Each structure stands twice: as structure tokens, then as C-alpha cells.
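Just so it is clear, the values below take in all heavy atoms, side chains as well, and ignore hydrogens, waters and symmetry mates. Every chain is numbered from 1, with letters handed out A, B, ... down the list of sequences. Model, not experiment: these values are computed from the prediction.
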Amino acid sequence: MFERRLRILAMLGGLYLLAIVFRLFDMQVLESERWRLQAAELGQRTIRLTARRGTILDRNGVPLAEDRIQMNLNLRLDRRDDGSWICAGCGKPLHTEYEQPPRRCRTCGGVAFAPGEQPDWSRLPGLLGITNEEFAERGREAGRRYDRAVKTEMDRRKKNWGSARLRDVKNVLLPREWLFFEDAGSAAVKEVVLHPDRYWGVVVRPVRRRRRVEHPSIRRTIGKLGPVTEADARKMREDDGLSFSSIWRMRVGRSGLERKLEDRLSCREGRKVVERNRRGEVRTVLSERPARDGTDVRITLDLRLQKKMYEALARTCALHQSDGGAFVAIDPANGEVLAMVGFASENELWDPAISSIVPGSVFKVVTAIAALETGLIDPGETLFCDSGRWNGIGCAGHAHGETGLVSGIYDSCNKYFAWTATKIGVELWSDWGKRLGFGKPTGIEITREMGGLVPDRDWKVRAYRKNPEYWDTDAFTASDLRQAGFGRGPVLVTPVQVARFMAIIANGGRFVTPSLVMGEGKVGEVVMRTSLPLVREGLKATVTRGTARGKGLDRYRVAGKTGTAEVKPGKKIHHSWFAGYAPAENPRVAFACLIKNTPSYGADAATPVILAFLDEVFRK
Amino acid sequence: MDWRIIVTLSILTLLSLLFLHSAGYDASSGRTLPFASKQLVWILLSAGALLLLLRVPYRTLLEHAYLLYWAGIALLLIVRVAGTELNNARRWIDLKFMLLQPSEFMKVILIIALARYIRWRDDYKKLSGLVRPFALTLLPVALILSQPDLGTSLLFVPILFALLFVAGAKAKHLLLVVLMGLLVAPVLFFGFLKEYQQKRILVFIGQETLSASMKENEGYHLNRSRIAVGSGGLTGKGYSQGDQRVPENETDFIFTVIAEEWGLMGALFTIFLYVALLVFLLLNAVTCREPSGKLIIVGVTTLIFVQTAVNIAMTVGLAPITGLTLPFLSYGGSSLLSLTLAIGLVLNVRLYPDFVFKRDF
């Protein structure tokens with residue numbers, strides 16, 4: 001009886017074990033491929049290979065904008081309502097019975113505490129350099145952001161799917177780390193890393209951040225990074241085959257050099273898909289796309305000089321009750337922009353150095369060149385300038401007497417150049433304005449550069465259509481031409497254009513394409529031939545006996561042209577200009593300086609800035 | 001002394017240490033959690049306890065069977081009142097140097113108590129005579145079920161059935177009880193099981209059609225365990241080269257590590273070891289001439305068989321997930337100690353054959 005029944009039991013047990021063996025055979029041999037695929041999916045890890053965006057260096061190699069690893073402190077937040085133990089890091093249930101505190105989650109390595117074990121953060125505020133109050137508030141803020149995200153996601157699910165489970169939202173969807181303190185100092189980081197038990201829930205995360213020089217003299221020129229736009233993203237997907245998941249994290253240049261040099265600076269994150277065993281050792285590399293670092297770019301500006309020039313500009317603007325100004329210097333030999341500073345006391349975003357503005361008498365030099373190059377006037381021919389008006393144009397009460405081309409330049413006679421312009425005619429005059437680089441952006445590597453305006457017949461037609469009340473006719477009248485001839489009326493230039501114009505004169509009439517990148521400025525074909533000696537003579541005389549005499553500019557043998565553009569006729573508010581090059585015989589720098597909305601005249605307001613620049617450049 | 005059993009047990013123990021070492025790798029901290037070395041201490045302690053047990057003739061234990069039984073019940077009551085709570089369950093008494101799990105020892109005690117009870121009676125051949133052995137079993141079951149510990153509590157019932165069956169209880173009576181059990185099953189399911197226990201059973205039933213969310217929550221263990229076993233293939237990924245991280249793979253899911261890293265070959269080898277152990281135990285039952293000794297051996301064999309079969313079955317999705325350890329392979333002191341003592345009982349029966357009081361069932 002006993003043995004018979006024992007045999008029955010043994011047979012039943014054997015059958016059950018046989019069922020298990022069949023199941024094992026089914027899973028591990030017949031269906032193994034299905035499980036292997038799932039296992040591969042779970043065992044796969046994508047490792048991001050970080051890449052470095054190129055550094056923007058100044059002329060002397062000082063980094064202006066560079067990628068830097070900064071340490072952020074994140075908070076791990078996970079609030080389980082039922083009080084059960086889950087890992088704050090990964091949300092999986094904790095199995096803590098084998099470990100002494102601090103216990104680590106065996107799934108993700110997060111440090112976990114049993115209820116009642118209190119972390120001690122009391123040293124952290126001091127090390128971070130903030131008050132306890134502020135520290136607590138940051139923690140609460142991170143918590144609030146977490147709660148808001150939970151709520152938003154819950155609401156979204158309820159709305160879309162009709163129901164939502166708090167646990168799903170908390171465990172699966174939300175980031176578990178929330179930014180708590182950006183760029184923590186090394187003392188705080190060390191403290192947190194060395195005492196994981198004290199700082200439960202605080203995670204140190206290295207983050208790559210762009211760090212740029214924040215001085216106002218160069219900030220706008222450098223520009224900044226921003227998120228990828230939809231158009232950018234589409235292009236990257238097509239060109240580089242990047243996935244949206246890697247694109248959305250990227251930041252690309254949105255303004256200034258960062259944007260214009262994007263092709264060179266930009267980097268591409270790489271990725272490696274691997275299979276790892278439980279030890280975390282890589283078993284197989286499934287695919288790899290190496291990271292590509294951006295290239296460093298050295299630019300022509302000198303940070304120290306920029307700062308000096310910004311200070312000089314700001315000081316001068318304050319002294320002359322101006323609301324802003326600009327200074328641009330270009331190396332005439334190769335088009336390198338040596339300095340480019342814009343100062344605007346009221347609008348930080350607006351850069352006067354690349355904005356269109358009325359040139360005033362500086363533009364007379366363009367008229368002079370046009371006249372000489374076309375041969376339409378005889379340089380010896382003179383106009384008698386008395387204190388009265390000629391066709392409504394006066395010289396601010398001055399009487400220059402018999403005025404030729406050279407003396408017209410150095411005495412800055414309005415009547416002479418109005419008369420000259422009418423002799424040249426609007427077509428040739430505006431053509432020469434454009435040939436000398438006005439009317440369109442110079443193409444330096446900076447965003448939002450304006451093009452200025454050289455008026456011609458087409459422009460007048462457009463202007464009339466736009467505003468028929470203001471303009472009497474759509475024809476380019478002689479009066480328009482007379483005004484334009486000495487740089488008033490509709491003519492608009494940018495300081496960069498003016499500096500480039502002076503560089504053209506300074507290097508013997510060859511066209512200059514300025515550039516902010518080392519070695520990329522270009523000196524092209526000759527545009528000025530016959531006009532060069534006389535124009536140079538006029539510009540030199542401006543400093544020795546003309547409108548800029550006695551300002552100390554002759555110390556550096558400067559040649560140049562002053563300009564005083566009336567903003568509102570009769571209001572005694574001007575845009576004051578001085579543009580030129582030095583030394584006159586063998587020019588090494590060309591420059592333009594603008595002081596906006598000042599009661600002072602061109603030479604008075606702008607020359608201190610020029611002198612500050614020349615001091616810096618030539619005293620060495 | 002039955003050396004076949006000792007040798008089989010030693011091989012299982014070595015296998016255990018090998019795979020506890022493999023399961024102990026912790027990728028996040030880059031170190032090996034000391035499961036194997038800690039388990040080694042338990043193995044030595046258990047061996048010592050086994051030797052101690054062999055010094056006490058099993059008839060002495062039988063004499064004090066009811067005393068042991070009530071002592072076990074008392075411990076279970078202490079757990080109810082002053083137990084240590086872990087993972088939402090109150091199963092342990094904190095002895096400072098170890099966490100004692102009385103339910104593990106209750107398994108062995110119940111075998112002794114039932115052997116003692118059945119040995120001197122034959123009223124269990126009537127239906128009414130089944131009441132008292134069932135009461136004897138269901139008291140600890142109820143206490144353990146309330147901890148809650150579904151897996152361990154369900155172990156007791158097969159032991160009772162096996163003992164009654166081999167002792168000659170009427171098969172139709174036992175079938176009737178099973179039928180009644182099936183009838184009240186829905187009541188038990190909805191009335192007594194906690195929500196998570198219900199879900200485990202539901203997940204088990206619908207394991208081929210789990211949603212993504214269920215795979216991450218209720219079905220997490222089942223899904224991961226099946227992936228680990230299935231991906232092992234015929235020959236496995238190689239020792240310590242497994243890539244799946246089944247939670248609790250050093251205790252309840254140690255079989256997944258073997259099946260993943262040594263494949264079907266390793267799994268069959270393990271099952272072969274268990275079959276060998278069970279066969280050797282049963283051979284003892286056949287050769288033993290003393291009735292209560294026979295009953296003890298059958299009880300121990302049933303205990304080890306059920307625990308092994310259910311544990312392996314749950315890793316391959318043939319049984320719902322219950323917290324049953326794999327005998328001699330899983331990490332954990334209480335489990336190892338109690339099962340070693342159970343084996344010790346069998347060896348004890350063989351060691352003291354003079355205690356013969358012939359009775360045929």
C-alpha cells in the first residue's frame with residue numbers, strides 16, 4: 001500500500017518536472033530567439049560620446065567663448081505615497097536587508113535610506129556660499145517644479161486617456177533629478193562626493209556649458225547659443241542623419257560669431273550602442289558613431305583693446321552728453337578688424353557699430369573720389385564759398401572762400417561737394433558710393449549687420465511710393481543730389497563701412513573685405529586710381545590745418561575726415577564722426593569713430609576715442 | 001549514513017556559491033556583493049546544526065513533537081506581535097545577529113508533528129478523521145498567510161496531502177477536500193489575498209498578453225525572469241556573462257542566473273541534481289522499516305520537491321510568483337538552515353534503525 005502510493009506520488013512529481021523540462025526546452029531552444037531579442041533590447045545601452053564645441057579665441061589666444069564642464073547639483077526626488085521603500089534613483093523597490101546604511105540600490109546604485117534615517121545637509125549651504133534660507137528655498141523650488149510636472153502629466157493623461165496612475169507617472173515618465181544648484185564650487189562638490197551618506201538625494205552632474213566673456217565690449221560680437229530651430233533640426237536630420245532625440249538637446253549659435261561661424265565651431269555628439277553584461281563590462285559594440293569636436297577659431301579682436309576702447313567710448317559719450325557711439329578699426333593691409341566696439345547707454349541690444357546712420361561730411365570723401373575718378377571735375381576748379389547760402393546750403397556760417405577739392409575736404413565745405421555732386425550726376429555718384437562698399441553689409445561675421453543706403457533713382461521711386469506726402473516727387477531731384485553730395489539726406493552708412501572705406505584709401509585704393517576671423521580678411525582689386533593722391537592730401541590736411549587741427553592727432557600723423565551730421569536741423573544735436581587712418585604716409589590702421597546725438601562737433605567729440613586707440617596701438 | 005545524499009547536497013552547495021558570486025556583481029558600484037561569502041558562513045553553520053541534529057535520535061523528537069509544534073506556533077504569534085517588517089511583510093524576528101524566520105522552521109516541525117499524529121492512528125481513513133490533521137496544518141498556515149507569506153503557507157498543504165495519501169487515507173476523501181478547496185478558491189482569492197497577490201496571479205494567467213505598463217509593474221519579475229531564462233539558449237551566455245538583471249536573482253530567482261549563463265544544459269544539470277536528491281531520499285523511505293520514519297522522509301521529500309518545482313516553475317512562467325526559495329541554491333540563512341535540518345531528519349531516520357515498531361499502513 002505505502003510503496004504503491006509512494007510510486008504514484010513519485011510519478012506525479014516526475015510528470016510535473018517533465019513539464020518544466022519541456023517548458024525550458026521550449027523557451028531556451030525553440031523560442032530562444034524571441035527572448036534573445038528582448039534581452040538584447042534590455043541589455044542595450046546607448047552611451048553618449050560628448051563633443052566639444054570649438055573655442056572662440058581672441059587675437060592673442062585668450063578664450064572668448066569656450067565649452068567648459070561645470071558641476072551641477074541635482075536633487076533626486078521621489079515621493080512614494082504609501083511609504084514603501086523604493087530607490088530614490090530608479091524607482092524600483094529596494095532590497096535593503098543585506099546592506100548596512102548607506103544602502104545602495106542594486107539596480108541603479110542610488111543611495112537609499114530607510115525611513116527615519118535622516119541625511120544631514122547642514123554643511124552644504126556654507127560651502128555653496130548661500131544662506132540657509134536660500135538653500136531651503138532652492139530645495140523647495142525643485143520640489144515644486146517636480147510637483148508641477150507630476151500634475152501636468154497627470155492632467156494630460158486624464159484628459160487624453162481618461163485615467164492616470166500616479167505611480168506610472170512618478171516611476172516611468174518624469175526625470176528623477178531636478179536642478180538644484182548650477183556650477184557648484186569644487187569644495188561643495190568634493191563634500192557631496194565624499195559623503196554620499198550625508199547628502200542622500202544630492203547628485204553631482206557634470207554638464208557642458210558654454211562660457212563666454214561677458215564684457216559689454218565684446219559680448220554682442222561673440223553672440224550666444226540657443227536651442228535648435230525647427231528648420232535647423234530638419235536640415236540636421238537630412239544632412240547628418242541625426243535623430244530628434246539627439247537634436248533637441250543640442251544648442252547652436254543663434255547670434256554673433258557663434259552663429260556665423262557655426263559650421264566651424266559646431267560639434268556633433270557621437271553615440272555608441274553596446275551590449276553589456278551584468279558587471280557592466282561591454283560585451284559587444286553594436287554600432288558606433290564617433291563624436292566630432294568643433295574647430296577653434298581665432299578672431300582678430302583683442303580683448304584687452306576692446307575693453308580699453310569701450311571704456312574710452314563710454315567716457316567720451318558721457319562727457320559729450322551722447323547716448324551712444326561706435327569705434328571700428330581695420331588693418332588696411334589685410335582687412336582684419338582690429339577693434340569693433342559699440343556703446344549704447346539705453347539699449348543694450350542695439351549695436352551702433354553695425355547700424356545705419358547718417359554719415360555727414362565723412363561722405364564728402366566719396367563724392368570727391370567719384371568726381372576725380374570720373375574726371376567730371378577739374379581738381380583745380382574752385383567754387384567761391386561765402387557766408388551765405390548756395391541753393392539753400394550753407395556751411396554753418398563759415399565762409400571758406402575759393403574752395404577746391406583738397407581744401408573742400410580739409411575745410412569740409414558743404415557747398416563745394418553739393419556742387420560737385422550735381423556735376424557728377426546721380427548715376428555715377430551712387431555707383432561710386434556702392435563701388436566703395438556702401439549700401440550693402442560688409443559681410444563681417446556678425447549677425448544683424450545693416451547695409452546702409454546709397455540713394456539712387458530706384459530708391460527715390462520706392463521712397464515716394466512709400467511716403468508720397470513727404471517726398472514731393474518720385475524723381476531724383478537736383479536738391480536730393482546736392483544734399484547727398486555732402487553726406488546728408490537719405491545717405492546712411494555703418495561705422496564698419498566707414499572704417500573699411502578708410503582702409504581702402506589707406507592701402508592704396510584696393511578694395512578691402514573686412515573679417516573678424518584671423519587670416520580671412522581680403523584685399524581685392526584696385527578701385528581708386530587717379531583720385532588717391534589728392535584725396536590723401538585732403539585727408540592729411542584735415543588734421544594739420546583743417547577741421548581737426550589742434551586736437552593732437554598730428555602726433556600720430558593721422559589723416560582723416562571729420563563729420564557732423566545734423567540730427568534735427570537747428571537743434572544743435574549731431575552725430576559726430578571722425579574717420580581716417582594713421583600714419584598718413586604708411587598707414588597701418590584705418591578707423592572710424594561715431595559719437596551719436598551730441599552737441600559737440602565731429603573733431604571734438606570723436607578725437608579722444610581715436611587718440612585712445614592710437615595710444616594703445618602705437619605706444620608699444 | 002547516506003553518502004549519496006551528502007554528495008548531491010555538496011554539489012548543489014558548490015553550484016549555489018558559484019552562482020551567488022555571479023549574481024552578486026553590482027554594475028553600478030563596480031563591486032561584488034558578498035552573497036557567496038556570507039552564504040558560506042551559513043553553510044558551515046547549517047552543517048554544524050546538522051551534526052548536532054544527528055546526535056539526537058529522531059524518536060526523541062517524535063516524543064516531543066507536540067511541544068515543538070506549539071513552540072513553533074508561539075514563535076509565529078511573536079512574529080505577529082513583535083516581528084520585524086521588511087518590504088511590507090512581517091515575517092522575521094530580529095535576533096540582532098540574524099533575522100529569524102519562524103515559518104521556515106515550522107515546515108520541518110509540522111512534518112514531525114504530522115508523522116507523530118498519523119503514526120499512532122488510523123481514523124484518517126474515515127472522512128471525519130481528516131479534520132484533526134487538517135486543523136493541525138491549517139493553524140500555522142493561517143498564521144503565516146497573515147504575515148503575509150503566501151508561498152510558504154501553501155507549502156504546508158501538499159505535505160499534509162502527501163503524508164495522508166501514503167499513509168493510506170482514502171483517495172476519494174482527499175479528492176473531495178481538493179474539490180471543496182477549489183470551490184472556496186474564489187472566496188479566498190477575493191477575500192483574503194492582498195491586491196498585489198491577486199495581481200501576481202492575474203499576471204501569471206495573462207503572461208502572454210502583458211501590456212507594456214504591466215511589464216514594468218506587476219509583471220516585472222515574471223517578464224524579466226522569462227527573458228533571462230529564454231535568452232540563455234542551449235548553452236548559455238557563459239559564467240558571469242549574463243546581462244539580465246532580474247531583481248532578487250540571488251534569492252528567489254537564482255535559477256534564472258543559472259539558466260541564463262549556462263543555458264538549457266545548466267538548467268537540466270540543476271534539475272538532474274534535484275531529481276537525484278529526491279530519488280535518494282525516496283529510496284530511504286522504501287528501505288526504512290519504521291512507519292514514522294517513512295512518514296518523515298516522505299514529508300521532507302515532498303517539502304523539497306514542492307519548493308524546487310514551484311520555484312523553477314515560477315521562473316519559467318508555469319506557476320505564479322510566490323516567495324519560495326530554491327532549496328540549497330538560494331541566498332538566505334533561515335531557508336538553508338531549515339532545509340538542512342529537514343535533510344538531517346532523513347539522515348537521522350537512517351542512522352537510528354533500531355527503533356522499529358512494525359506497522360503496515
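Looking at every heavy atom in both residues, A:Phe2 comes nearest to B:Val166 through CD1-O, 3.6 Å. Across all non-hydrogen atoms, the minimal contact from B:Ser231 to A:Trp35 is N-CB, 3.5 Å.
Each of B:Gly230, B:Ser22, B:Ala285, B:Gly263 has some count of heavy-atom pairs under 4.5 Å with chain A, and the biggest count is that of B:Gly230. Between chain A and the residues B:Asp243, B:Leu282, B:Thr308, the largest count of heavy-atom pairs under 4.5 Å involves B:Asp243. By number of non-hydrogen pairs under 4.5 angstrom with chain A, the leading residue of B:Thr302, B:Val229, B:Val306 is B:Val229. Across B:Ala319, B:Ala313, B:Gly232, the residue that shares the most heavy-atom pairs under 4.5 angstrom with chain A is B:Ala313.
Interatomic distance, B:Phe161 CZ to A:Leu9 CG, rounded to the nearest 0.5 Å: 12.0 Å. In this structure, NZ in B:Lys294 is found 5.5 Å from CD in A:Glu3, a value given to the nearest 0.5 Å.
Of the two parts of B:Phe255, only the side chain, counted from C-beta on, holds a non-hydrogen atom closer than 4.5 Å to a non-hydrogen atom of chain A. Using a 4.5 Å cut-off between heavy atoms, B:Val257 contacts chain A through its side chain alone, with no backbone atom that close. Contact annotation for B:Val298: only side-chain heavy atoms (C-beta onward) come within less than 4.5 Å of a heavy atom of chain A. Looking at A:Arg4, there are no atoms closer than 4.5 Å to chain B (heavy atoms on both sides), in backbone or side chain. Proximity to chain B (any heavy atom under 4.5 Å) is restricted, for A:Ile8, to the side chain, taken from C-beta onward. Both the backbone and the side chain of B:Phe165 come within less than 4.5 Å of a heavy atom of chain A. Heavy atoms of B:Arg224 lying under 4.5 Å from chain A belong exclusively to its side chain.
No side-chain donor-acceptor contact under 3.5 Å links A:Gln38 to the backbone of B:Ile227. Of the possible donor and acceptor atoms, one in the side chain of A:Arg5 sits under 3.5 Å from a partner among the backbone N and O of B:Ala169. Without hydrogens or angle criteria, A:Arg23 side chain to B:Leu318 main chain gives no donor-acceptor distance under 3.5 Å.
Heavy-atom contacts from other residues, nucleotides or ligands closer than 6.0 Å to CZ of A:Arg271 number 12 or fewer.
Contacts from residues 266-275 of chain B to chain A, taken as heavy-atom pairs separated by less than 4.5 Å, involve B:Ala267, B:Leu268, B:Ile271, B:Val275 in sequence order.
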